[in-house]
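Letters A, B, ... are given to chains in the order of the sequence lines, protein chains preceding strands, and every chain is numbered from 1.
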Amino acid sequence: MPEFITRKSEDFSEWYTDVILKAELADYAPVKGCMVIRPYGYALWENIQRILDGYLKETGHVNAYFPLFIPWSFLEREKAHVQGFAPEVAVVTRAGDRELEEPLVVRPTSETIMYAMYAKWIRSYRDLPILINQWNNVVRWELRTRLFLRTTEFLWQEGHTAHATYEEAEAEALKILGIYKKFIEQDLAIPVIAGVKPESEKFAGAFRTYTVEAMMGDRKALQAGTSHNLGQNFAQAFDVKFQDRDGQWKYAWQTSWGVSTRLIGALVMVHGDDHGLFLPPRVAPIQVVIVPIWKTDEERQQVLVAAQSIAESLRNLQIRVHVDDRDYETVGYKFNDWELRGVPLRVELGPRDLARRQALVVPRGEAKTPVSMDALADHIQAELSRIQQMLFQRARAFMESNTFTLDDYAEFARRIETYGGFYRLRWCEQATCEQKIREETKATLRCLPLNAPNEPGPCVVCSAPSRYRYVVARAY
RNA sequence: CGGGGCGUGGCGCAGCUGGGUAGCGCAUCUGCUUUGGGAGCAGAGGGUCGGAGGUUCGAAUCCUCUCGCCCCGACCA
């Protein structure tokens, strides 16, 4: 077992930080609470962007860019919104040696400035729907930060739509939630529970907030993405109105939704192990690493030629492949290095393999299999797809086996303290019961799953009649 | 914002109690030997001890102030 990183079972938090730093996904920046996303981590983010951006465009969304600075007065127009964000906004009050007439907020999210523009652009029902997304950075002055999970500045996409009817907006919010679920499950191989947030966990200014919740390797929950039905709250605050077919002026119905670089933290915590990262093939910056092995210069020449030729044939199949031809590191070092970086598939190629017209294919964490050169490309393609499936199924089995249905509050409190996990508990939807759970167990009501069946019975806290089981967990 | 911990070559640390030539491991560089699961030997380079002030013949070490970071609790993608 490697001693270069803390063991996952020993100290999950230390392990997480070790993996990110040593795999060179990110590093601490000289500014408090900020991080540098290093090239390898950024390549991962670019893959996430590319795939998700494709899904959003397929469904009619277009990209645009709005300013980083927002007039302070804009933030104040929606009451719940400003209350939610005021404590964590960074404000620019000075430019050069001159005080600004009106302070400018560094966007913590772009509802206000975007909807001020929507108000200008929308006149008729024919201008709707507006389906705009933007990839950008936002700043939230968090008191306690953690690499990828919560940093002062982070990267994300934020989609903002405006519709003619409530039904359309609601359908949009759910459609996006479905896209997030599909993306996170199929491409990131992370199973999620899609659901509705309780009132207390709603986005500041939203009518309703939908969420996808994932279980990390320490059995804690992570909110992986949110989609909000904003109702007409912002439309009224920003005067986003249109004249409908019937001649009446009406406020638009809006949605907003986002996922962030936090997803990278989720990838680490869901798939990683004591050897380091384990990246799902569909987003891995390097899907296949070829490690050539040689002793003599002559062998080196031959092996490298063969390695490049294999790499070329894989690239023709759109596989992201890297040949590790470093001559100053040993083979053993390279094996460990690429496992730490989470490359899903390794190909070992030495003189012995060349003589047999084969290569050793090594799925991360599995046994080495000799594969003949002729069958190699097909085999690798199939393996990448198998690994993608395996990661998802493994994560799903983990989440399912750590999700429990309980009716006894004391037992829940005891088990979440010692073991963690997701608990399906009946809740009467009273804030006092929610508060009690939060204060006594540090767990929160994550969501009411979308497909939750009607399961009438007593609230786990107060025994009042309740209809549904909510998912309850400690969360990041 | 409250509680705790830590700042000493690039990284991880020792030295501080009881002041007296700044050290160890890893990494780096050079050479030779190695190379199928984190190589070996020999040599070399690299530090105003976070910063400022004070005590002293003399401060990494003692005193005062200050800055920064990490971890744990209340808020959050």
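A gap of 25 Å separates the C1' atoms of B:rC63 and B:rG3, to the nearest Å. Nucleotides B:rC24 and B:rG19 have their C1' atoms positioned 22 Å apart, rounded to a whole Å. The gap from the C1' atom of B:rU64 to that of B:rC72 amounts to 29 Å, rounded to the nearest Å. Comparing the P positions of B:rC32 and B:rG51 gives a spacing of 41 Å, expressed to the nearest Å. Taking atom P on both nucleotides, B:rA39 is separated from B:rU34 by 16 Å, rounded to a whole Å. Between the P atoms of B:rG4 and B:rA42, the separation comes to 48 Å (whole Å). With both ends at atom P, the span from B:rA59 to B:rG50 equals 15 Å, rounded to whole Å. Taking the C1' atoms as reference points, B:rC41 lies 27 Å from B:rG47, given to the whole Å.
If you take NZ of A:K334 and C1' of B:rU35, they are 9 Å apart, rounded to a whole angstrom. In this structure, the CG atom of A:N136 is 16 Å from the P atom of B:rA77, given to the nearest Å. The separation between A:Q49 atom CD and B:rA77 atom C1' is 15 Å, rounded to whole Å. To the nearest angstrom, P of B:rU28 lies 9 Å from OH of A:Y328.
Under the Watson-Crick and G-U wobble criteria, each requiring two contacts below 3.5 Å, nucleotide B:rG2 is paired to B:rC72. In a base pair of the Watson-Crick type (N1 to N3 plus N6-O4 or O6-N4) or a G-U wobble (N1-O2 and O6-N3), with each distance short of 3.5 Å, B:rU35 is matched with no nucleotide. Shown here, B:rC62 forms a base pair with B:rG54; the pair counts as Watson-Crick or G-U wobble because both key distances fall under 3.5 Å. The nucleotide B:rU21 finds no pairing partner, because no Watson-Crick or G-U wobble arrangement with both distances shorter than 3.5 Å includes it. Both distances falling under 3.5 Å, in either a Watson-Crick or a G-U wobble arrangement, occur for no nucleotide opposite B:rG47. Pair check for B:rA42 finds B:rU30; Watson-Crick or G-U wobble, both atom distances under 3.5 Å.
With B:rU35, B:rA77, B:rG36 as the choices, the nucleotide that has an atom nearest any side-chain atom of A:Q223 turns out to be B:rA77. Listed nucleotides: B:rU35, B:rC70, B:rA77. Nearest to the side chain of A:Y28: B:rC70. For A:E339, the side-chain atoms get nearest to B:rG37 when compared with the rest of B:rG37, B:rG36, B:rA77. In this structure, of B:rU35, B:rA77, B:rC72, it is B:rU35 that holds the atom nearest to the side chain of A:K295. Checked against B:rC76, B:rU35, B:rA74, the side chain of A:K442 finds its nearest nucleotide in B:rA74. The side chain of A:I293 lies closest to B:rG36, out of B:rA77, B:rG36, B:rC70. In the set B:rG37, B:rC75, B:rC72, the nucleotide with an atom closest to the side chain of A:S13 is B:rC72. Among B:rC1, B:rC72, B:rA77, the nucleotide with an atom closest to any side-chain atom of A:L143 is B:rC1.
Taking the six-membered ring where the residue is Trp, A:W338 and A:H322 present tilted rings, their angle falling between 30° and 60°.
Ring-to-base geometry does not place A:W156 in a stacked arrangement with B:rA77 (centre distance under 5.5 Å, plane angle under 30° required).
Here A:G350 lies in heavy-atom contact (under 4.0 Å) with a base. If you check every strand for non-hydrogen atoms under 4.0 Å, A:L360 touches a base.
Figure legend: cation-pi geometry between A:R77 and A:F74, with NZ or CZ positioned under 6.0 Å from the six-membered ring centre and within 45° of its axis. A cation-pi arrangement is absent between A:K197 and A:Y210, since the terminal nitrogen or guanidinium carbon is not both under 6.0 Å from the aromatic centre and inside a 45° cone about the axis.
For A:Y409 and A:Y423, the ring centers are positioned 6.0 Å apart or more. Taking the six-membered ring for Trp and the full ring otherwise, the centers of A:W156 and A:F154 sit less than 6.0 Å from each other.
Residue side chain A:R140 does not reach the base of B:rC76 through any donor-acceptor N/O pair under 3.5 Å, judged by distance alone. If you check distances only, the side chain of A:K368 does reach the base of B:rG37 with a donor-acceptor pair under 3.5 Å.
A:P363 and A:L345 make their closest contact through CA-CD1, 3.5 Å (heavy atoms, listed as atom of the first residue, atom of the second, distance).
Residue A:T330 places at least one side-chain N or O under 4.0 Å from the OP1 or OP2 atom of B:rA39. Remark: A:R144 is in phosphate contact with B:rC72, judged by side-chain N or O atoms under 4.0 Å from OP1 or OP2.
The residues A:R7 and A:D274 are annotated as not salt-bridged, no charged nitrogen and carboxylate oxygen being separated by less than 4.0 angstrom.
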